[in-house]
Each structure stands twice: as structure tokens, then as C-alpha cells.
Protein chains: 2
Amino acid sequence: MRILLLEDQTKLLSFAKKGLEEQGIQVDAVSDGDEAWEMATSTPYDALVLDIMVPGRDGLSILRGLREKRNAVPVILLTARTTLPEKIEGLNLGADDYMTKPFFVEELAARLRTVARRKAGEANHLIRVEDLAMDLLARKVTRAGVEIELSTREFELLEHLMRSPGRVFGRMQIYEHVWGYNMDPETNLVEVYIQRLRAKIDKDYDKKLFRTVRGVGYAIGGA
Amino acid sequence: MRILLLEDQTKLLSFAKKGLEEQGIQVDAVSDGDEAWEMATSTPYDALVLDIMVPGRDGLSILRGLREKRNAVPVILLTARTTLPEKIEGLNLGADDYMTKPFFVEELAARLRTVARRKAGEANHLIRVEDLAMDLLARKVTRAGVEIELSTREFELLEHLMRSPGRVFGRMQIYEHVWGYNMDPETNLVEVYIQRLRAKIDKDYDKKLFRTVRGVGYAIGGA
DNA sequence: ATCTTCGAGGAGAAGGATGCGCATGGGGCA
DNA sequence: TGCCCCATGCGCATCCTTCTCCTCGAAGAT
């Protein structure tokens, strides 16, 4: 799970980030609203935690903007204890939960898992590996936000690999899953398609996501 | 979230109740219109789902009665596939959305969350995708402000696509939603209608809204 | 230890076959 | 008379095969 955390008190920010990461939640931490907006609109997070009062774009404004763009990412708002009306407004705007500062990091982590799971039924069609994202419903793939055109076979092969990042698959295994029948030992289809995916996905980037394990098979990411 | 569900086919009623509750929606299920009226006027529900054709007070009558009492609770109507005029009448009476039976429970749940999130009274019968706008009430479609004439089938196919911008639908899926029964695998109806919509909507514009995903289906818009 | 050799496995490129989706015209039905 | 549906031919993206060249790594020689 990867989230964006917006909070302008840098001390609290780093404290919360650390605590959440101990619980296995990846956190991108920012203290400026405009920066948060940039990241929220360019990265498919599993959830956002937004402080309402921050420099730049405030949390409510970001939330409103996202919902107008039909972005249903789960959002938890952070409010000062006094600002009740804003809580209400936040929930009306489509926030999933709110927390009053100060808070226990453990509780924030628990709520994050809850809202992420609740939305999972609607939104678990996203698979991410590093900066590579696959949207199963829209059948689109992007790397670093740039869309990549894939044919049907290419897409399905990539999907299979991305569902288990880091895991090495043998050729037979891949063939059975993606093509659906037993492999003619003479063919090199898998190699050909791996090569095509490499050309489209790894070519323009320094960081290579595909990994060849000689004599065994292929894996994506996870290192 | 707690809702009232009125549907006279008891089998469908219990099935839908179960499905919605799995998604965390509390459901009071009734099969009689008079009973539904009693409960709707005495309990503050987050939304109502009303079948139009039921024994006792019918769904449209309940809706009308509530609006006359200035009750702005969100309402989704259930209609048979054939009854087009009643959809429009329902929207005119202040319904927030309609669904054609049979429907997928997940979709009903999604729409419930949508209408419940909206502020009461600002029901929105406009669906927009980029510069393409569909008015469900007036049953009119415009692109860049220019009105486009569509036949009934064309309209309903477009409506289905526009309700989930960017999402790719398979031919069978489309056929089941728009035509309502199982597809003869030999027909190419969907292709023909997509082609017609393209001719009317995409032809004169540089930016193409329709997207073909070979071997899978079609989508509209979506970034 | 380091270097050299060699075989198998993998990368890469290119061309033919396939079948999906586009396009269009015509017949049937309210 | 529109609208809906069916049927047919064609073009092109996709798929798969084939062939060649390159790379890796083991094993023996120095």
C-alpha cells in the first residue's frame, strides 16, 4: 500500500511517515498543498491523507478537485480539534474519513487499511510495480505517467508477471497461463513477447524492470 | 449507509438485499408499496430504491408524494427494459437516477454511493466526458455545444459507455446491458452501433473519444 | 587465480498467415 | 419512413514462425 501524506508541521510529518512505514505502508510525505496536488494527480495512490490547513492548495480544495475529475481515491482528512464545520464539508465532498489532530499513528494506519479495503471492490483493478501501472478496467498501461500501447497478448503477459512482482516464471508456466495450452517445446514465443515488452517498457528508461534468469525464466520488478 | 429497497419480486429482492449488505449497505427490504410509503415517511434513509411496478402504491407515486412533502432523499428507480417514458417521468419528478432490470448489484451499490454523496436537491442528470455531454432528462446529446441526433439504441449504448468513462466493455457485456438478453455470438450489432456513434460523434472532431481495444471491446474517453 | 574456449540459451529482426473489426448495403418491422 | 438488425467483403493490426547473431557462464588450460 502506498499513500500520500500532506501535513505542514514537518515534525509531525516525519514522525507520522516513520510510524506508518513501520507498519508496512509506503508514504510519500509533502508539506505543501500545490506539490500534493501535483503528486495526487500524477500517481495512483492507494489513499491520501490530507491536512486541511496547509500552505498552497488546502486539503479540501485538493479533495474537491479530485472528485471533480472523477478520481475516487480514498481520502482521510486531518483537522484541528476545533474546526467542526470543515469536517462536515469534507465528508460532503467525498472524504472517506477524518481524524482530529493530534492522533495516534497506529489509529491512522488502521483507518487507512479500512478505507483502502472498502474501496478495494471498486478500485483493485490497478496493479503497480515501481513506476509501472496497469489499469485492468481501462486496459491501459503507463510508465512514469506516460501511456504505453500494448497488444492483447502483450497486455496479458505483462499482467501475469505484474501480479507477482519479483517472482520468476518459467517459460512453460507463462505459456500455460497466457496462451492457455501446453507449449510446443520448439517455439520461442515467450522470448519474442518478452522482447517486445522490453522494447516498449524498459527501452527509454534507465531502471530496467524486466529481469532474465538464465535457464529459468523471467520476472518483473521486485529488486 | 441505510437504504430502503422496494421490489415485488421476492427472489430478486432478497438477492439484492444480500448483495448490498455484503458491500456494507444496510437494507430494509419490502415488497409492498404502501408499506414502503410508511417506512419512507417515518425513517430518515440515506437513499431509496423503488421499483415502479409494485402492488399498493407504485414507485412513481411514492416519489411524487415525498417530493411534495419537500423530502429530498435520493431516489433510484427500477424500471423494466421497455418502459422508456417512465424513466423520463421519474427524473422529472425528482428521481436521482434509474436502473433497468435486470441489473448487477455492484452497479446498484456504486450508484447508491454516488447519489448519497451528492447533496440532496442538486440531482444531476448530466453525464460529461470531455466535451461530450448527455442530458438524461431531455435525452439530448451535445458535443462542443452542438446537438447530436441519436436513435434510442444509439442513446442507450452511449449512455452505458459514458457512465464509466475510460472503462473497456466487452461486446457481451454491452449487449446484455443495452439489449438485455444473451448475445447471439454470430451477430455484429455492437460493432455496427459503435460505428454509427463514431460517425456522429467523432467524425467531425480531431480528438477521438471512442477507443477500440482489439479482442476485448470498446471504451469512451478516459484521459 | 586468471584466461580462453565453446556450447547452449536468449535477443533481435523480418515476413507470411490469420482473423478481428470496419464499412456498407439491403431487407424486415413498427 | 425511420429504425433496427443481418450479411458480406476487405484491410490491416496482430500473431506466430523462422532464421541469424549475440551473450552468458561453465570448465579446462595456463
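Only heavy atoms go into these numbers, but all of them, side chains included; no hydrogens, no water, no symmetry mates. Residue numbering restarts at 1 for every chain, and letters A, B, ... go by the order of the sequence lines.
- Pairs of residues two or more places apart, or lying in two chains, that qualify as side-chain hydrogen bond (donor to acceptor under 3.5 Å, both in side chains) and include a residue from residues 8-20 of chain B are B:K17-B:E21.
- Partners of B:Q195 under the side chain to side chain donor-acceptor pair (under 3.5 Å) rule, at least two apart in sequence or in another chain, do not exist in this structure.
- Distance, A:R153 CZ to D:dT17 C1': 14 Å, rounded to whole Å.
- B:E159 meets the salt bridge (charged side-chain N to carboxylate O under 4.0 Å, His left out) test with B:R163; sequence neighbours excluded.
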Return a single string for nucleotides 22-30 of chain C, one symbol per nucleotide in 5' to 3' order, where B is base contact, S is sugar-phosphate-only contact and - is none, cutoff 4.0 angstrom on heavy atoms.
SBB------

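- To the nearest angstrom, C1' of D:dC3 lies 13 Å from CG of B:L150.
- In this view, A:D202 and A:R143 satisfy the side chain to side chain donor-acceptor pair (under 3.5 Å) rule, not counting sequence neighbours.
- Under the salt bridge (charged side-chain N to carboxylate O under 4.0 Å, His left out) criterion, the residue pairs touching residues 47-60 of chain B are B:D51-B:K101, with sequence neighbours excluded.
- If one axis is set at each end of the helix from C:dA1-D:dT30 to C:dA30-D:dT1 from five pairs, those axes are 40° apart, to 10°.
- Atom NZ of B:K200 is separated from atom C1' of D:dG2 by 11 Å (rounded to the nearest Å).
- Every residue was checked against the salt bridge (charged side-chain N to carboxylate O under 4.0 Å, His left out) condition with A:R198, not counting sequence neighbours, and none meets it.
- Within the structure, the side-chain hydrogen bond (donor to acceptor under 3.5 Å, both in side chains) test picks out the following pairs touching residues 32-45 of chain A (sequence neighbours left out): A:D28-A:Y45.
- In this structure A:R128 satisfies the salt bridge (charged side-chain N to carboxylate O under 4.0 Å, His left out) test with no other residue, sequence neighbours excluded.
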Any N/O pairs under 3.5 Å between the protein and nucleotides 25-27 of chain D? List them or say none.
none

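- Looking at A:V190 and A:W179, their side chains come closer than 4.5 Å, going by heavy atoms from C-beta outward.
- Close to D:dG2, at under 4.0 Å from its OP1 or OP2, lies no side-chain N or O of B:S151.
- Rounded to whole angstrom, the span from the CD atom of A:E149 across to the C1' atom of D:dT14 amounts to 14 Å.
- With rounding to whole Å, A:L189 atom CG is found 17 Å from C:dG12 atom P.
- For the pair A:L157 CG and D:dT14 P, the computed distance is 16 Å after rounding to whole Å.
- Taking atom CG of residue A:L197 and atom C1' of nucleotide D:dT14, one finds them 14 Å apart after rounding to whole Å.
- Note: A:H160 and A:H177 have parallel aromatic rings, judged against thresholds of 30 and 60 degrees for the angle between ring planes.
- Taking atom OH of residue A:Y175 and atom P of nucleotide D:dT17, one finds them 6 Å apart after rounding to whole Å.
- Every salt bridge (charged side-chain N to carboxylate O under 4.0 Å, His left out) that B:R139 has, sequence neighbours left out, goes to B:E156.
- Between A:W179 and D:dC15, a side-chain N or O to OP1/OP2 separation shorter than 4.0 Å is absent.
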